[in-house]
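Worksheet: the structure to be examined is printed underneath.
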Amino acid sequence: MKKVFSLLAVLALVSMVSSSVFAAAFATKAARAIFTAAAIQFDVDLYRWGGSGSYETGQAAATQINFEASDVTLGSTSDSPSISKDFALITSNLNQQPANTVVYVYTDNKNNTSDFVAVSSDASTGFNGLVRKGQSAAYVKGDYAPIITKCVAVSSANANYNTTNGPRDAVFNNDEQWQGDRWLADKSTTGFDDADNIIGKGGVGGGIWIGKDGSDWFSTEKVVMFFKAVFNSVNGGDEYGTDTIKFNTVVE
């Protein structure tokens with residue numbers, strides 16, 4: 001039996017294809033969210049890369065995640081990825097928690113309260129990421145823009161990704177450490193709660209998963225989370241969004 005002992009809605013994303021920037025509003029009034037239930041520390045701070053310096057200090061606090069509209073080719077049936085300059089700095093003490101402590105990260109687009117609600121009746125469809133506004137019940141390609149994450153130790157981010165464009169640097173964009181099969185899952189999708197949704201674990205050596213596919217190793221230090229949205233079959237005037245990205249901690 002799984003015991004859910006804390007639930008945190010962290011990020012709300014809203015993106016608009018017709019504008020020069022896909023804007024994403026933060027779910028809380030401040031760009032900081034903390035949960036400490038059951039003595040777990042899991043701090044999430046949102047910042048925007050300013051072009052130089054450290055990912056841990058000196059960057060401006062952000063209140064939204066931005067995806068660049070210039071990355072998207074309208075009408076194309078090929079994937080158009082967009083990497084945000086906004087990033088989350090995560091600090092946790094998962095290594096001090098029981099080994100059966102697990103943190104999941106996901107969206108819940110069937111239960112959104114905004115205009116961006118997943119309405120398709122096909123539960124096997126990936127409802128994850130951003131939802132296209134005004135979709136019909138019949139699933140159509142382009143109804144969703146999945147989000148993929150990359151987590152790296154803050155020391156690695158400071159050493160390797162401190163160029164002017166930071167997360168959007170060409171080398172970083174092609175880095176194999178993007179977590180290829182770790183798209184943000186959605187709570188309403190068949191198979192939710194499986195291993196693909198796990199972002200961290202407790203126990204000795206535990207922490208936030210970093211590295212390709214999240215399978216390389218754990219980190220007990222601060223971790224930087226980057227965001228990439230993948231758009232496909234987008235038309236001018238389309239709007240995409242989601243209420244929240246949630247981190248859910250359970251004891252399995």
Side-chain angles (χ1 to χ4, degrees), residues 10-17 19-34 41-73 79-93 105 129-130 145 147-180 182 184 199-200 207-214 216-231 245 247:
V10 178
L11 307 174
L13 305 175
V14 178
S15 60
M16 197 169 291
V17 171
S19 66
S20 60
V21 174
F22 297 124
F26 201 72
T28 56
K29 293 183 183 299
R32 181 174 177 84
I34 303 174
Q41 178 192 17
F42 196 96
D43 302 352
V44 181
D45 296 279
L46 192 65
Y47 299 99
R48 182 166 181 82
W49 179 247
S52 63
S54 168
Y55 280 90
E56 189 174 10
T57 60
Q59 304 303 320
T63 56
Q64 61 185 20
I65 296 175
N66 298 303
F67 298 103
E68 303 295 332
S70 59
D71 294 335
V72 178
T73 301
D79 288 345
S80 296
S82 179
I83 298 174
S84 178
K85 280 190 175 182
D86 302 297
F87 63 92
L89 181 66
I90 301 175
T91 306
S92 79
N93 65 350
V105 59
L130 303 173
I147 293 175
I148 187 173
T149 62
K150 175 188 174 96
C151 290
V152 299
V154 69
S155 58
S156 177
N158 289 336
N160 300 302
Y161 310 129
N162 59 354
T163 61
T164 300
N165 291 319
R168 291 177 56 79
D169 182 87
V171 175
F172 186 22
N173 189 10
N174 296 320
D175 195 308
E176 289 186 355
Q177 286 189 349
W178 277 102
Q179 294 170 290
R182 305 191 75 78
L184 289 186
I199 193 66
I208 305 300
W209 268 353
I210 67 177
K212 180 176 173 60
D213 301 334
D216 290 346
W217 52 288
F218 289 98
S219 172
T220 56
E221 61 178 301
K222 291 185 177 181
V223 170
V224 180
M225 176 182 280
F226 301 101
F227 302 92
K228 177 195 291 187
V230 181
F231 297 87
I245 294 174
F247 293 85

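Predicted, not measured: the structure shown is a model, and the values here were computed from it.
Looking at Tyr161, its side chain never comes within 3.5 Å of a backbone N or O of Tyr55 through a donor-acceptor pair. The closest donor-acceptor contact from the side chain of Asn162 to the backbone of Gly53 lies at 3.5 Å or more, if one exists at all. Remark: the backbone N or O of Asn66 is paired with a side-chain donor or acceptor of Asp86 at under 3.5 angstrom. Judged by distance alone, the side chain of Trp209 and the main-chain N or O of Cys151 form no donor-acceptor pair under 3.5 Å.
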Where do Val230 and Lys228 land on the side chain to side chain contact (heavy atoms under 4.5 Å, CB included) test, with the steps shown first?
CA-CA 7 Å; Val230 181; Lys228 177 195 291 187; 4.3 Å; yes

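Between Phe226 and Phe87, the ring planes lie tilted relative to each other; the angle falls in the 30° to 60° range.
Atoms CD1 and CD1, from Ile147 and Ile65 in turn, are 7.0 Å apart once rounded to the nearest 0.5 Å. From Ile199, atom CD1 reaches atom OG1 of Thr149 across 5.0 Å, with rounding to the nearest 0.5 Å. Rounded to the nearest 0.5 angstrom, Ser80 OG and Phe67 CZ are separated by 13.5 Å. Taking OG1 of Thr57 as the reference point, atom CG of Leu89 lies at 9.5 Å (rounded to 0.5 Å). Distance CG/Asp71 to CD1/Ile83: 8.0 Å, rounded to 0.5 Å. Note: Thr163 OG1 to Asp169 CG = 4.0 Å, rounded to the nearest 0.5 Å.
Lys85 pairs in a side-chain contact (heavy atoms from CB on, under 4.5 Å) with only one of the listed residues (Gln59, Arg168, Glu68), which is Arg168.
Nearest heavy-atom pair across Ala229 and Phe231 is CB-CE1, 3.6 Å. Closest heavy-atom contact between Pro167 and Ser84: CB-O, 3.4 Å.
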